[in-house]
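This report concerns only the one structure given below.
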Amino acid sequence: MTIAQLEIARASFFSTHHACAADVVAQRTRTVTQPTYPLLVARARRFTSLVTQLHMEVCGAVVSDEPMPAVFATCHGEIQTAETLIADLFASTVVSSARFALSVHNTAGGLYSVATSSTEPTTTMTGGNAVAAGWLEAALIALETGRPTLLSIADEPVPAVFRGPETTVGVGAAFVLAPSTNPVFELSIEPSRADSHMAPDTVVTLARLVQLVEGGAAATVSLGAIRQGHQLELRRRGDA
Amino acid sequence: MASGHVITGAAIANCLAADTQAVFERAFAGAEAFVPAGEFAEFPFATVVGLMPKLDGDIDVSCTPTRVAKIAFASARQLQPAVRGAIERWGPARVGYVFASSTGGLEQTERHLDPRRGGTSGARVCYADHSIDATVPAIARTFGIAGICSAVSTACSSSFKALATATRLIDRDLADAVIVGSADSLCRTTVFGFHSLGLLAPTATRPFSRDRAGITLGEGSAYVVLERSSTRAVASALARVRGLGAATDAFHHTSPHPEGIGGQRCMREALHRAQLEPQHIDCISAHGTGTTLNDASEAAAIERVFARRVPVMATKSATGHTLGSAGLTALVLAIESLRRQELAPTLRLTPLDTALGVDVVDRRTAAPLRHIVVNAFGFGGSNASVVVSQP
């Protein structure tokens, strides 16, 4: 079922372990590199977590002077900050006010709006299907407003104290999408394939999405489960 | 978005009671429910909290045994008849679920890592219990729904952002009904964190009072069934969501804009989408956290949007600040105000801070109520407003 026909004007990608999206797919790694996130001025950078830095890095690469609604998506949220706050709490019964302030899932959204002086609404989708939910939310906002909408997706490694997803890679990708009457991209809900009960690897999914946007060939990327027995997909029709 | 979708079920649980009707009775009677924070955990400073009553033992959350799951189920289980009605009308695949929380399973993670409870650096925490959406699959299964599910987390505006997400799903024909739920539990990190910011009141919160000294944190959950307006749905409707607005302050991550520009913008947008003028609004349910700056900012926004004095109620004086659940908590109480044609009292108001220029109601007050604006503002300058009306 087609949900939205879209233009995707810009896309950006950053991985701590890969120089570009193509390297993820080709399984080529690089020396671990941290984001530089120039979108944030010096005084706003203190205590920002890797996930927020990743959001700022990729948003900074696609943002324009035109204010637009923004959707942030993150599976784990500020999970490293949460672990640090709890460790501090048990060590000294004191938590850093600055770190606590930046512990909410919408930290990136808040800092982004201040950095860009934009009063446009932002929201943050989270949880296991955050990639799919973020795409769906951004597409629906673009349809509702008829305007370009920023979608930023990022995740940092889950700290070792958690028994859960194990990755050392921090990754982010941002897209500016808009409704289109002559669309190249189509967002749709389709029946799940046999292997789609597995949560998609965020690093690979984001790399494939950026390649899909930057490439010219027709292809489809699964964005993960969105409802029982169904997944969200982004399809490129291919250049005419 | 101009909604017009109807709310066909509502449930709420918080420090006032674990049962919706009991919450209503106590909120409108002006009951006091805050307790010393020591009843929840030890803190090296004075504060009170809104603690959920009877949380242990009577709620089956074997799927994800967290405090926030128990709190979520306390409301969700009360909503079962309304959800069944929505499923009968639309079918399970056309009923979705959007959940909102600010802290999710953070309290459970604290428990696991607490050295006094045997937590050690080698004991790994179940990631699934920590995440915001930990309860989503279990509650979706309990409800028997098979539509789109997602989770939203934007601090204290979370549940209104979830309501906006639900509205879009119905507007775009991706669902005919969406369960919108929210829950947050108390946890030590939150209490210490708000204290570190100097935002925690040492005694019970006094929103809009001249003596206000900060927030009283509470825990709780609130759930509604948002449904496409249809003859059968309207027959069961408790209220109508006329319009939602959202905006950011673009000012500071934790401090509100002094003139409440984000609050002004989202209230104006909600009114615009509801196709109503400020003079149509009978009451404002304020975010009203009780901090010096938040109340001043919100009052400034209200004063600029509404040319006349509109009665204001601040229900956090009774429920405490339930964080990600704050918006829906106030919304469900506003729906009850519409049904009763009464404003709930704002507790501990005297003396009102007259410099704020808002008319806050300090007692249960009968009034003709057709349209109420409900505000939910949060960290990150994340603001949202909802116009809720009689069905």
Side-chain angles (χ1 to χ4, degrees), chain A residues 1 3-4 44 69 75-77 79 82-83 85-87 89-90 93-97 100-111 113-114 116-130 132-133 136-137 140-141 143-144 158 160-165 189 226-229, chain B residues 1 44 93 96 102 104 106 109-110 113-115 121 123-128 130-133 136 140 146-155 161 164-165 168-169 171-172 174 188-189 192-194 196-198 246-254 261-262 265-266 378-382 384:
Chain A
M1 179 177 71
I3 296 166
C75 296
H76 319 311
I79 197 164
E83 191 224 1
L85 283 170
I86 292 171
L89 194 57
F90 290 135
T93 65
V94 172
V95 300
S96 152
S97 58
F100 174 72
L102 300 177
S103 68
V104 290
H105 277 59
N106 62 318
T107 293
L111 294 179
S113 66
V114 175
T116 59
S117 302
S118 168
T119 59
E120 293 289 327
T122 68
T123 191
T124 303
M125 311 304 292
T126 190
N129 72 345
L136 182 59
E137 181 79 354
L140 295 186
I141 289 172
L143 291 173
E144 178 189 302
V158 172
V161 74
F162 290 93
R163 192 173 64 249
I189 295 178
I226 195 67
R227 72 175 176 89
Q228 198 176 81
Chain B
M1 64 214 68
S102 185
L106 189 60
T109 304
E110 282 179 3
L113 298 178
D114 188 345
S121 59
R124 300 182 78 195
V125 181
C126 178
Y127 166 80
H130 175 86
S131 61
I132 294 286
D133 66 335
V136 170
I148 290 171
C149 291
S150 61
V152 178
S153 188
T154 59
K161 295 299 178 81
T165 297
R168 289 184 193 104
L169 293 176
D171 287 346
R172 284 287 153 185
L174 295 173
R188 298 180 71 204
T189 309
F192 273 99
F194 276 100
S196 75
L197 287 166
T248 52
D249 275 353
F251 176 69
H252 185 271
H253 193 62
T254 53
I261 59 163
R265 181 173 166 176
C266 69
F379 276 10
S382 178

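All values reported here derive from a predicted model rather than from experimental measurement. Letters A, B, ... are given to chains in the order of the sequence lines, protein chains preceding strands, and every chain is numbered from 1.
For the set T126(A), V94(A), V104(A), the entry with the most heavy-atom pairs within less than 4.5 Å of chain B is T126(A). The most heavy-atom pairs under 4.5 Å with chain B, out of G109(A), A101(A), G127(A), come from A101(A). Options H252(B), R265(B), K161(B) differ in how many heavy-atom pairs under 4.5 Å they form with chain A, and the most are formed by R265(B). With respect to chain B, the highest number of heavy-atom pairs below 4.5 Å among T107(A), T116(A), L111(A), V158(A) belongs to T107(A). Heavy-atom pairs under 4.5 Å with chain A were tallied for L174(B), V136(B), D249(B), L169(B); the largest tally goes to L174(B). Interface summary for chain A: among A155(B), G380(B), S196(B), A247(B), the most heavy-atom pairs under 4.5 angstrom belong to S196(B).
The side-chain heavy atoms of T122(A) and T154(B), taken from C-beta on, include no pair separated by under 4.5 Å.
With values rounded to the nearest 0.5 angstrom, T189(B) atom OG1 is found 4.5 Å from I86(A) atom CD1. Residue L106(B) holds its CG atom at 11.5 Å from CZ of R188(B), rounded to the nearest 0.5 Å. Put simply, CD on E110(B) and NE2 on H130(B) are 10.5 Å apart, with the number rounded to the nearest 0.5 Å. Here Y127(B) contributes atom OH and H76(A) contributes atom NE2; the two are 4.5 Å apart, rounded to the nearest 0.5 Å. With rounding to the nearest 0.5 Å, the separation of CG in N106(A) from OG in S102(B) is 7.5 Å.
Interface remark: I3(A) contributes side-chain atoms only to the contact with chain B (heavy atom separation under 4.5 Å). For a residue to count as touching a neighbouring chain, one of its non-hydrogen atoms must lie under 4.5 Å from one of that chain's; by this rule I189(A) touches chain B with the side chain only. For A132(A), no part lies near chain B; criterion is any non-hydrogen pair under 4.5 Å. Of the two parts of T254(B), only the side chain, counted from C-beta on, holds a non-hydrogen atom closer than 4.5 Å to a non-hydrogen atom of chain A. Heavy atoms closer than 4.5 Å to chain B are found in the side chain of L89(A), but not in its backbone. The contact between F379(B) and chain A is made by backbone and side chain atoms together, counting heavy-atom distances below 4.5 Å. For a residue to count as touching a neighbouring chain, one of its non-hydrogen atoms must lie under 4.5 Å from one of that chain's; by this rule I261(B) touches chain A with the side chain only. With a threshold of 4.5 angstrom between heavy atoms, T123(A) approaches chain B through its backbone and through its side chain. For L136(A), the part lying near chain B is the side chain, with the backbone staying farther off; criterion is any non-hydrogen pair under 4.5 Å.
Considering all non-hydrogen atoms of both residues, D133(B) and G128(A) come closest at OD2-N, 2.8 Å. Pairing each heavy atom of A151(B) with each of I132(B), the nearest pair is CB-CG2, 4.2 Å. Residues A93(B) and R227(A) share a closest heavy-atom pair of CB-NH1, 3.8 Å. Among all heavy-atom pairs drawn from E144(A) and R168(B), the shortest one is OE1-NE, 3.0 Å.
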